[in-house]
Amino acid sequence: METRGAFNHVVLLLAATSLLATAASKDRCHSGDKAALLAVKAALGNPYHFASWTPDDPCCDWYDVDCDASTGRVVGLSVFQDANLTGTIPDAVAGLVHLQSLVWHHLPALSGPIPPAIAKLSNLSQLTISWTAVSGPVPSFLGTLTKLTLLDLSFNSLTGAVPASLAALPSLSGINLSRNRLTGAIPPLLLSRSPDQAYLWLSHNNMSGAIPAGFAAVNFAHLDLSRNAFAGDASGLFGRGKELQYLDLSRNAFSFNLSGVGLPEQLYFMDVSHNAISGGIPAQVANLTNLQFFNVSYNRLCGAVPTGGHMGRFDLFSFQHNKCLCGTPLANPCN
């Protein structure tokens with residue numbers, strides 16, 4: 001009995017020691033991380049947004065800061081929703097060497113280019129700079145961030161082409177560059193190395209050229225190329241066995257025959273309106289159980305609109321302004 005009591009005492013002591021160690025790690029703040037964060041604050045003019053960032057408190061308790069529970073190192077910095085925060089992204093972020101997630105979101109007065117200092121954050125898996133006034137190019141040095149899985153640079157004033165260096169990233173599966181002023185073509189091998197389902201948003205830019213042939217082999221779940229000047233054949237994006245769920249090719253200059261295209265079975269959104277697509281609508285569309293939005297208007301389609309199945313979900317606006325489409329819900333019947 002004494003042995004069992006002693007054993008239980010040791011177990012309890014070890015458990016208490018472990019809890020104390022965990023608690024201590026959460027309170028711990030690496031001096032290098034604290035110095036880097038205070039330098040970020042100073043570079044931005046010590047704004048009220050960082051009022052909790054005081055040298056007397058552990059940096060893991062500061063607003064916008066996330067630390068690893070076991071090491072106490074800063075792994076996340078998320079600065080968001082402050083119209084009064086002005087300046088440029090400080091070079092001092094490079095001092096956060098263990099950073100895995102960096103977010104600058106909804107900061108309309110944040111300006112300037114994306115700084116080369118970010119290339120030093122070799123552990124970064126998520127980089128978000130969105131809804132800001134950040135300008136300049138999408139830097140090619142982002143291609144050195146080999147652990148990057150998500151890149152969101154949407155709703156900014158970025159210009160130039162999408163750098164080919166992004167195609168070399170082995171873990172990148174999500175890219176959002178929509179709502180910028182980007183030009184040029186899509187890099188041929190973009191997302192070709194995606195280890196999982198791929199997500200690509202390029203809408204509302206000034207990009208042009210053809211869809212990369214390699215896109216036919218990318219396992220897209222979500223693809224939005226709308227409101228650009230892309231042209232040519234996009235039929236390789238389709239296929240019955242693909243896992244594509246969301247496809248928006250609207251307001252481009254795509255031209256291909258839709259008749260023989262197989263539609264992905266999991267598709268719930270498809271907008272190919274305002275292009276130069278010919279042929280007919282595949283009858284298969286009526287049998288897609290998940291399809292909630294379907295728009296092929298303003299193209300050069302002919303033949304009968306499919307009937308039955310789930311076609312009652314779609315009204316006149318899904319089919320209008322085509323060369324010779326006919327049948328319900330259009331006014332002109334098929335002869």
Side-chain angles (χ1 to χ4, degrees), residues 78-83 85-90 93 101-119 121 124 126-145 148-169 172-191 194 198-212 215 218 220-231 234 237 246-254 271 274-275:
S78 301
V79 186
F80 55 94
Q81 291 185 322
D82 190 340
L85 193 147
T86 60
T88 61
I89 298 172
V93 295
S101 175
L102 178 60
V103 176
W104 302 87
H105 174 65
H106 230 295
L107 305 165
L110 188 72
S111 59
I114 298 172
I118 286 178
L121 300 173
L124 212 58
Q126 176 187 348
L127 176 60
T128 296
I129 303 168
S130 60
W131 293 80
T132 75
V134 166
S135 59
V138 178
S140 59
F141 62 69
L142 295 178
T144 65
L145 299 174
L148 207 62
T149 62
L150 171 65
L151 177 64
D152 183 353
L153 303 177
S154 60
F155 289 84
N156 295 301
S157 298
L158 299 171
T159 53
V162 178
S165 62
L166 294 181
L169 293 174
L172 190 62
S173 57
I175 302 175
N176 190 348
L177 302 176
S178 59
R179 303 267 183 172
N180 280 287
R181 301 169 190 169
L182 301 176
T183 53
I186 301 172
L189 299 175
L190 194 67
L191 291 172
S194 173
Y199 298 78
L200 179 61
W201 297 266
L202 295 176
S203 70
H204 293 79
N205 279 290
N206 301 308
M207 298 181 68
S208 58
I211 297 297
F215 268 21
V218 176
F220 282 111
H222 190 132
L223 180 61
D224 187 350
L225 305 179
S226 62
R227 294 178 183 267
N228 281 283
F230 294 121
L237 300 173
Y246 184 107
L247 179 65
D248 193 345
L249 304 179
S250 62
R251 297 181 184 273
N252 281 286
F254 290 117
D271 189 349
H274 295 269
N275 281 288

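Everything numeric in this text was worked out from a predicted model, so none of it was measured.
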side-chain contact (heavy atoms from CB on, under 4.5 Å) test vs Leu127 passes for just one of Thr149, Leu151, Asp152, namely Leu151
Output for pair (Tyr246 OH, His222 NE2), nearest 0.5 Å, gives 5.0 Å
d(Leu121 CG, Ser101 OG) to nearest 0.5 Å is 11.0 Å
Check your understanding: Just by distance, do the side chain of Asn252 and the backbone of Phe254 share a donor-acceptor pair under 3.5 Å?
Key -> no
In this structure, CZ of Arg251 is separated from OG of Ser226 (nearest 0.5 Å) by 9.5 Å
Tightest non-hydrogen contact, residues Leu145 and Leu169, listed as O-CD2, 3.1 Å
Closest heavy-atom pair, Ala119 versus Phe141, reported as atoms and distance to 0.1 Å, is CB-CD1, 3.7 Å
Note: Val103 and Gln126 closest approach over all heavy atoms is CG2-NE2, 3.9 Å
Tested for side-chain contact (heavy atoms from CB on, under 4.5 Å) against Leu200, the lone hit among Val218, Leu177, Leu223 is Leu223
So CE of Met207 and CG of Asn180: to nearest 0.5 Å the spacing works out to 10.5 Å
List the atom pairs, with distances to 0.1 Å, where a side-chain N or O of residues 155-168 and a protein N or O form a donor-acceptor pair under 3.5 Å, not counting sequence neighbours.
residue	atom	partner	partner atom	Å
Asn156	OD1	Thr132	N	3.1
Asn156	OD1	Thr132	OG1	2.4
Asn156	ND2	Ile129	O	2.7
Asn156	ND2	Leu153	O	2.8
Asn156	ND2	Ser154	O	3.1
Ser165	OG	Ser140	O	2.7

To the nearest 0.5 Å, atom CD1 of Ile114 lies from atom OG1 of Thr88 at 12.0 Å
Polar side-chain atom of Ser194 near backbone of Leu191 as donor-acceptor pair, under 3.5 Å | no
Heavy-atom nearest pair, Pro108 first then Ala133, reads O-CB, 3.5 Å
With side chains defined as the heavy atoms from C-beta onward, is the minimum distance between Ile211 and Leu225 less than 4.5 Å?
yes
With the side chain counted from C-beta on, respond yes when Phe230 and Leu249 share a heavy-atom pair under 4.5 Å apart, and no when they do not. no
CG of Asn228 to OG of Ser208, rounded to nearest 0.5 Å, is 8.5 Å
**Message:** Does any part of the side chain of Phe220, heavy atoms only, come nearer than 4.5 Å to the side chain of Phe215, both counted from C-beta?
**Reply:** yes
- Query: Does His105 have its ring centroid less than 6.0 Å away from the ring centroid of Phe80?
  - Reply: no
Sequence neighbours excluded, the answer for ring pair (Phe, Tyr, Trp, His ring centres under 6.0 Å) partners of His204 is none
